[in-house]
Amino acid sequence: MSSTPSSNDLEQLLQLATRGDLVMFSLEYAKGNKDFQETLKANLAKKYLHNTETASDYAGQMANAFCKTKDIGDRWHSYEVTDWEAVFYEANKIVEQGKKLLDLGNADAAATIAMKFIQQLCDNFDENEIDPYEDENIDGHYECEQAENLLLNAISHPAISKDLKNHIVEKVKRLSNQDLADYDLIDLNDLKLEVTRRALSDEEGLILLDEQIRSQKDDYNLHVYVERKIALLRQMGKDADADKEEQKYIRLPEIRKIVVDRLVEQKRYDMAAEYAMGGIGMESNRELHWADTMWTNRLLEIYELQGNKAGQIKAARDLFVSSLGNAEYYHKLKALIPTDEWKQWLEQLIADTPFSKVAGCYDSNLADIYVEEKETEKLYEYITANSKYNTNALDHYAQYTDSSHHEELLSLYVELLKSEASGKADVDKYPPIAASMECMEKLKGGKAAAHQLAVFFREQYRRRSSMMAAIKKF
């Protein structure tokens, strides 16, 4: 074979060559050949940097990327939906090309690519076809973030044309207001603000934020836009205006939190406590039961930073009562109240707390307190009062009572478990019966009582194989 390939051989070799082969050769050859280097650079620049059709070519590719579909359903009832996984994959490859174009200075093409991605997403999005919360494979957060960053970087680039920049500002303003942010994709209102600020000015951004604030029909998302306005005002050095905005919307829990957090950071605890107390029981928070708890917790944290013991006791007591006896606040109070006063103090606290009245619950804040305080008689009374229908209270707490009550509690166990086992056979109820019999064994005389009960079950229900298997150890 000839060492120098013919033109025909070269053509066939080129057909075999990969893109990487050609790129590597071009780079190596250009290093040693200045004329070739300049010619290659000029030729590629003509196509990718100075050609107005480049942007439209990539925009067309982006539109095609959003046409990816797939069939779902079965052979009898199938229909076509957007294949979002394929869409985001293909679209992101084009966005990556846009980043390279921006690095080379072609801001117009980069901005066009990013804008086309966002426009296509808005036009094609259907919440019935995409649910990132259920299917991670079609989560487009990363791809949307890349496109958004590309757009913002492109319109901030000095090489972008003024006409295109103004066109993008207007196009972004006209984007639909659907809640893509709810699907962790793009917050369109935030995008509109950032585009306006970068393409025009911060002052124009403030005007847009005022429009967005006025457009809110209720307080549900109002805080989002107020927070953005406050943050922008502080970035602009307009702290006095930001303070006024905070006071104007102090009724919103999220804005009040900003103020309280700043005051705490400044160690202005008295004023922080005053604002936190102002959030408790607000007229606008009547439907927000979590708000009172949130502010009382914050108040407790502030009092702890202050070392205000009386304030801590009051806040922890309020939280204990409102939470129906949460153990966290019980332990805080026990640490704060003098030991010689605690027993009487706790009795009054329990009397003032509306503990859950659900009979036979699996556990109980009140019963847990009785266990920790070793109030065995009160615990016994609680168990008997809450064991009319099932053994839940017995299973959970009987072992902590005084042994003098165990015989009576075992009798209660036998009565309840016999009642549970009676009636129609049910394989699902036998394991819980066996679990309760294990709890019986923890009581004085419990092993013998559990054995006698098992003997009764074997005689009464010997044909129930599932039950016999469940109680075989007794």
Side-chain angles (χ1 to χ4, degrees), residues 320 323-328 330-331 334 343 346-474:
F320 180 89
S323 66
L324 311 184
N326 185 285
E328 176 186 354
Y330 157 75
H331 288 115
K334 190 170 184 177
K343 193 173 185 66
L346 179 60
E347 286 181 3
Q348 187 58 53
L349 178 64
I350 289 174
D352 294 340
T353 302
F355 291 96
S356 174
K357 301 297 183 183
V358 179
C361 58
Y362 287 96
D363 55 18
S364 159
N365 290 335
L366 179 57
D368 289 339
I369 291 173
Y370 288 153
V371 171
E372 187 160 338
E373 295 292 327
K374 295 182 172 54
E375 293 280 3
T376 56
E377 286 302 311
K378 291 180 179 178
L379 182 61
Y380 165 74
E381 293 171 3
Y382 172 86
I383 293 172
T384 54
N386 288 277
S387 298
K388 296 178 181 178
Y389 307 106
N390 57 55
T391 62
N392 292 336
L394 281 163
D395 293 343
H396 214 74
Y397 299 110
Q399 61 185 304
Y400 301 109
T401 59
D402 188 83
S403 60
S404 62
H405 293 300
H406 286 186
E407 184 177 353
E408 185 178 349
L409 293 177
L410 287 170
S411 297
L412 188 54
Y413 255 125
V414 170
E415 179 185 346
L416 288 167
L417 291 177
K418 283 184 176 180
S419 175
E420 178 68 14
S422 65
K424 187 177 179 180
D426 183 354
V427 295
D428 291 333
K429 66 184 179 183
Y430 304 140
I433 288 175
S436 291
M437 292 171 70
E438 288 183 4
C439 293
M440 288 176 67
E441 293 185 323
K442 297 175 183 178
L443 305 183
K444 182 180 177 181
K447 286 186 179 294
H451 174 69
Q452 289 300 318
L453 181 60
V455 170
F456 170 81
F457 284 153
R458 290 188 184 102
E459 293 176 352
Q460 191 75 15
Y461 305 111
R462 57 182 178 275
R463 295 182 182 277
R464 298 182 180 181
S465 57
S466 296
M467 186 178 190
M468 296 302 100
I471 65 171
K472 65 181 180 179
K473 63 178 287 188
F474 301 103

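- Residues His405 and Glu377 share a closest heavy-atom pair of NE2-OE2, 2.8 Å.
- With Tyr397 contributing its side chain and Ser364 its backbone, the two residues share a donor-acceptor pair below 3.5 Å.
- Counting only heavy atoms from C-beta outward, the side chains of Asn390 and Glu420 never approach each other to under 4.5 Å.
- Within the structure, the side chain to side chain donor-acceptor pair (under 3.5 Å) test picks out no pair touching residues 441-452 (sequence neighbours left out).
- Annotation for Tyr461: atom OH counts as buried by contact number, over 12 foreign heavy atoms lying within 6.0 Å.
- Of the possible donor and acceptor atoms, one in the side chain of Ser323 sits under 3.5 Å from a partner among the backbone N and O of Phe320.
- Of all heavy-atom pairs between Ala393 and Ser387, the closest is CB-OG, 3.9 Å.
- In this structure, Ala434 and Phe474 approach most closely via the heavy-atom pair O-CZ, 3.5 Å.
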Side chain to side chain contact (heavy atoms under 4.5 Å, CB included), that's the test. Do Ile369 and Leu346 meet it? Break it down for me. CA-CA 10 Å; Ile369 291 173; Leu346 179 60; 4.0 Å; yes

Side chain to side chain donor-acceptor pair (under 3.5 Å), that's the test. Do Tyr330 and Asp368 meet it? Break it down for me. CA-CA 10 Å; Tyr330 157 75; Asp368 289 339; over 6 Å; no

When you look at Glu438 and Lys473, which way does the side chain to side chain contact (heavy atoms under 4.5 Å, CB included) test go after all the steps? CA-CA 10 Å; Glu438 288 183 4; Lys473 63 178 287 188; 3.4 Å; yes

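- Taking a 6.0 Å sphere around CD of Glu407, one finds it holds 12 or fewer heavy atoms contributed by other residues, nucleotides or ligands.
- At a threshold of 4.5 Å between non-hydrogen side-chain atoms, the residues Leu409 and Thr384 count as touching.
- When all heavy atoms are compared, the tightest approach of Ser436 to Asp395 is OG-OD2, 2.9 Å.
- Checked for salt-bridge contact, Lys343 and Glu375 meet the test: a charged N lies under 4.0 Å from a carboxylate O.
- Residues His331 and Glu372 meet the side-chain proximity criterion, which asks for heavy atoms closer than 4.5 Å.
- Remark: Met437 CE to Ile471 CD1 distance equals 5.5 Å, nearest 0.5 Å.
- Note that the CZ atom of Arg458 and the CE atom of Met468 stand 7.0 Å from one another [nearest 0.5 Å].
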Between Leu443 and Tyr413, is a side chain to side chain contact (heavy atoms under 4.5 Å, CB included) present by the stated rule, with each step listed? CA-CA 11 Å; Leu443 305 183; Tyr413 255 125; 4.2 Å; yes

Let's go through Lys388 and Leu416 carefully: what are the C-alpha distance in whole Å and the side-chain angles of both, what is the deciding distance for side chain to side chain contact (heavy atoms under 4.5 Å, CB included) to 0.1 Å, and is it a yes or a no? CA-CA 8 Å; Lys388 296 178 181 178; Leu416 288 167; over 6 Å; no

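- A donor-acceptor contact shorter than 3.5 Å is absent between the side chain of Thr353 and the backbone of Phe355.
- Only one option out of Asn392, Thr391, Leu394 pairs with Ile383 in a side chain to side chain contact (heavy atoms under 4.5 Å, CB included); it is Leu394.
- Side-chain contact check for Glu408 and Tyr380: at least one donor-acceptor pair (N or O, by modelled atom type) lies under 3.5 Å.
- Remark: the backbone N or O of Phe457 is not paired with any side-chain donor or acceptor of Arg464 at under 3.5 angstrom.
- Summarising the geometry, atom CD belonging to Gln399 is positioned 10.0 Å from atom CG belonging to Leu379; distances are rounded to the nearest 0.5 Å.
- Heavy atoms only, all atoms of each residue included: Ala421 and Met467 are closest at CB-CE, 3.7 Å.
- Residues His406 and Ala398 come closest through the heavy atom pair NE2-O, 3.9 Å.
- You'll find the side chain of Gln460 stays beyond 4.5 Å of the side chain of Lys418, heavy atoms only.
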